[in-house]
Amino acid sequence: MKPITNPTKFSRHLSTATQRTQTIHQNAEAFVIQILDNNPDFKTLKEIHSKIISDPHLYSDTSLAIKLMRAYAAHGKPEITRKVFDEIPERNNVICNVMIRSYVNNHFYKDAILMYKSMVASGVMPDHYTLPCILKACSGSNSLRFGVQIHCPAVKKGLDLTLYTGNGLVAMYGKCGNLVEARRVLDEMPYRDIVSWNSMVAGYAQNGRFDEALEVCKEMESLSVIPDPGTMASLSPAITNTRKENVVFVKKMFLNMAKEELVAWNVMIAVYANNSMSSEAVSLYSLMEAHGLKPDAITIASVLPACGDLSAVSLGKRIHEYVVMKVLRPNLSVENALIDMYAKCGCLQEARKVFDEMQIRDVVSWTSMMSAYGRSGKGHEAIELFSKMQELGLVPDSIAFVSILSACSHAGLLNEGKYYYKLMREEYKIVPRLEHFTCMVDLLGRAGRVNEAYDHIKRMPVEPNDRVWGALLSACNVYNNMDIGIIAADHLFQLAPEQSGYYILLSNIYAKAGRWKDVTLIRLFMKGRGIKKIPGVSNVELDDRVHTFLAGDRSHPRTAEIYDELDILLGKMKEAGYVPKTDTALHDVEEEDKENHLLVHSEKLAIVFGIISTKRGIPIRITKNLRVCEDCHIAIKYISKITDRRIVVRDTNRYHHFESGICSCGDYW
DNA sequence: GCCAACCGTG
């Protein structure tokens, strides 16, 4: 080899070569970083991963490995994250923190805790990044004991009162139910932010202590800490069935808040929807759209139950189209809510279509579909679904059994109902709750086993509520059992003294037995207690508007046409054999001309309005706030045949699908 | 090089 004569020149040459290689490496690295930092899709991510593996320079770069780990975690693949982690030769807190966070963000709490333990065991010290994260693992897995084990060393290191760790501790104690300790940590923190307060609010709300959660909100206000959308979100676990004044409080909070965040709207809609304020929920949804905000999957899942409740099927359908257009599917909550919305609007086929098109179904999906069939009297279809669900290895829960039991009772499937009750207790070890007892009493009662139903109540290990006794009273009315009826009514007058329906049921029982004195007595009793009969109201939706009718209503702009048509229809019905069934009008405590009164029941008016307002062939959907009376039931069967229309009536607890003179309930309701 | 709370369906 030729001796080097000019070392300077050579070194210059060497140096440019190194630079060039370095530049290549830098370019490659910058390229990889750029991709990893921009949420690559899974395919790109895997390509980048193999590129890193094939290049020793990139492979040995720990910061790239960290980015790779985060990207895999973001794709919900903590197992792959772990593989990358295991190949990194060095161990420090940052690397371990990223691994723990990958587990935690994917709900692999146990793995996160194991990782934490091995980190400590190998001498890597947890820091102020580790603690908030591992505390979240404790919250997520409800491990108060381990949480406390984290708290102690945190105190020793003086990290317990730092903002992020302190907040994590408040959240952990709150989630695990130790609210005293959560509050103590909050009080001792020298510096708190909105997250600290929201964590405290969430703690109370998660434990069903809504009043105390609101107290914290009030405290915040008094300290000039302005509640934010996160505060609303924190309240939400406790918002179901709360008192009116609490709804008012949350509404005030919402109104005082900046409106550009979807979360605040979502929570407010859910508050309305979960407190029997469906029309408010739907109005707020429209207002939100008018505000220019685009609903997300959570908005949709929150507002759909309200649509179902109002039978607002055209809004429901529009939302469905939006879901399809915005590709908010597949999403379990959204799809399940769609099934239920359609089911509550009486659109069984549409509900089934959503169900059939789902890629993944959970117990909620199956339950929604089963109760859709159940409420329409299609007990065998519900049973078929239940078996399919079992075959697929899904475990029915308590609510799934409520749904199948009620399907059996509505369809008169006594033995099947008894079988599922047994299955629930013996195979699935589910302790029956009030809802199940109500179903069983209803099942036995509807099948005419009134005594057995009463025995079932007597054997209940929990105090029966008004719904249980109500089911028994209904059965007594159907099967003319006055003795047990009086017992049931006695309980009901104490448990639900303001519910007029129960007085009317009892008066019905007396009337059928010819005990007119007792009928009068009940009427006086109701008067004395100031109880008014709830007027029957029927709704029918037309072009996005809900039209409401009372019995004998003459307030609708098209009243004249409605009554003319009713008259014509009545003639045709009588020709076909319809005889008004006046003895069911006994429940009318007011003495009125029975036949005439029957003819103008709200559902009849609503149906006639539907007929004159829509084209032939369009089904008519009615929602009623009371049960359909027997006369209307007979009349609607005739109407469906004469006008050749499908008529769907939703009453308080079930659906009647009338078609060609037949009702889906098989006259059993 | 990496952090915390909080919103949905039967």
Side-chain angles (χ1 to χ4, degrees), chain A residues 33 37 61-67 69-70 73 92-102 104-105 127-136 139 159 162-172 174-175 182 186 192-203 205-206 213 227-237 239 261-271 273-274 295-305 308 328 331-341 343-344 354 361-372 374 396-403:
Chain A
I33 289 176
D37 281 348
D61 186 335
T62 313
S63 75
L64 280 187
I66 287 176
K67 285 183 190 294
M69 286 169 72
R70 289 180 62 208
N92 61 33
N93 5 20
V94 176
I95 297 160
C96 294
N97 290 348
V98 173
M99 190 60 237
I100 293 174
R101 189 165 311 108
S102 302
V104 171
N105 290 343
D127 60 8
H128 62 293
Y129 280 98
T130 325
L131 295 180
C133 188
I134 198 68
L135 284 168
K136 188 176 175 178
S139 311
L159 289 175
T162 58
L163 187 61
Y164 280 77
T165 304
N167 290 350
L169 283 167
V170 173
M172 184 276 293
K175 181 75 199 302
L186 179 74
R192 296 180 282 246
D193 67 356
I194 186 77
V195 175
S196 329
W197 288 101
N198 290 351
S199 304
M200 195 65 230
V201 171
Q206 283 156 350
D228 72 346
T231 318
M232 301 265 303
S234 303
L235 283 171
S236 72
I239 53 168
E261 281 208 53
L262 207 52
V263 182
W265 294 84
N266 287 355
V267 176
M268 197 63 230
I269 290 170
V271 168
N274 289 307
D296 66 359
I298 299 180
T299 324
I300 307 279
S302 307
V303 76
L304 280 175
L328 297 179
N331 179 308
L332 270 177
S333 303
V334 167
E335 291 165 299
N336 291 343
L338 278 170
I339 295 175
D340 194 54
M341 180 276 295
K344 287 202 177 120
V354 175
R361 301 181 192 91
D362 65 358
V363 177
V364 179
S365 328
W366 290 90
T367 306
S368 307
M369 202 56 231
M370 283 192 294
S371 51
D397 62 6
S398 177
I399 306 176
F401 276 104
V402 172
S403 153

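Each chain gets a letter, A, B and so on, in the order its sequence line appears, and its residues count up from 1.
Here A/N92 lies in heavy-atom contact (under 4.0 Å) with a base. Residue contacts for A/S302: at a heavy-atom cut-off of 4.0 Å it reaches the sugar-phosphate backbone alone, with no base atom in range. Contacts of A/S199 with the nucleic acid, taken as non-hydrogen atoms under 4.0 Å apart, involve only primed sugar atoms and P, OP1 or OP2. Residue contacts shown for A/T62 include a base, since a base heavy atom lies under 4.0 Å away. Residue A/A270 is out of contact with every strand shown, counting any heavy-atom pair closer than 4.0 Å. Heavy atoms of A/V94 sit under 4.0 angstrom from at least one base atom. Within the 4.0 angstrom heavy-atom criterion, base atoms lie near A/V334. A/Q206 comes within contact range of the sugar-phosphate backbone alone, with a heavy-atom separation under 4.0 Å but no base atom that close. Heavy atoms of A/N198 sit under 4.0 angstrom from at least one base atom. A/K67 comes within 4.0 angstrom of no nucleic acid atom, judged by non-hydrogen atoms across all strands. Nucleic acid contact class of A/A205 (heavy atoms, under 4.0 Å, all strands): none. At the heavy-atom level, A/S368 lies under 4.0 Å from the strands shown only through sugar-phosphate atoms. Nucleic acid contact for A/V201: none, since no nucleic acid atom lies under 4.0 Å from a heavy atom of the residue. Residue A/N93 is classed as having no contact, given no heavy-atom separation below 4.0 Å to the nucleic acid.
Running 5' to 3' along DNA chain B, contacts with non-hydrogen atoms of chain A at under 4.0 Å begin and end at B/dG1 to B/dG10.
Residues that satisfy the salt bridge (charged side-chain N to carboxylate O under 4.0 Å, His left out) test with A/K344, not counting sequence neighbours, are A/D340. Legend: residues meeting salt bridge (charged side-chain N to carboxylate O under 4.0 Å, His left out) with A/D37, ordered by chain and number and at least two apart, are A/K67. Every side chain to side chain donor-acceptor pair (under 3.5 Å) that A/S196 has, sequence neighbours left out, goes to A/N167, A/D193. For A/D296, the side chain to side chain donor-acceptor pair (under 3.5 Å) partners at least two apart in sequence or on another chain are A/N266, A/T299. Among residues two or more places apart in sequence or in another chain, the side chain to side chain donor-acceptor pair (under 3.5 Å) test is passed with A/T231 by A/N198, A/D228.
How far NE2 of A/H128 is from CG of A/L163: 11.0 Å, rounded to the nearest 0.5 Å.
When atom types are taken as modelled, the side chain of A/S139 and the backbone of A/L135 share a donor-acceptor pair closer than 3.5 angstrom.
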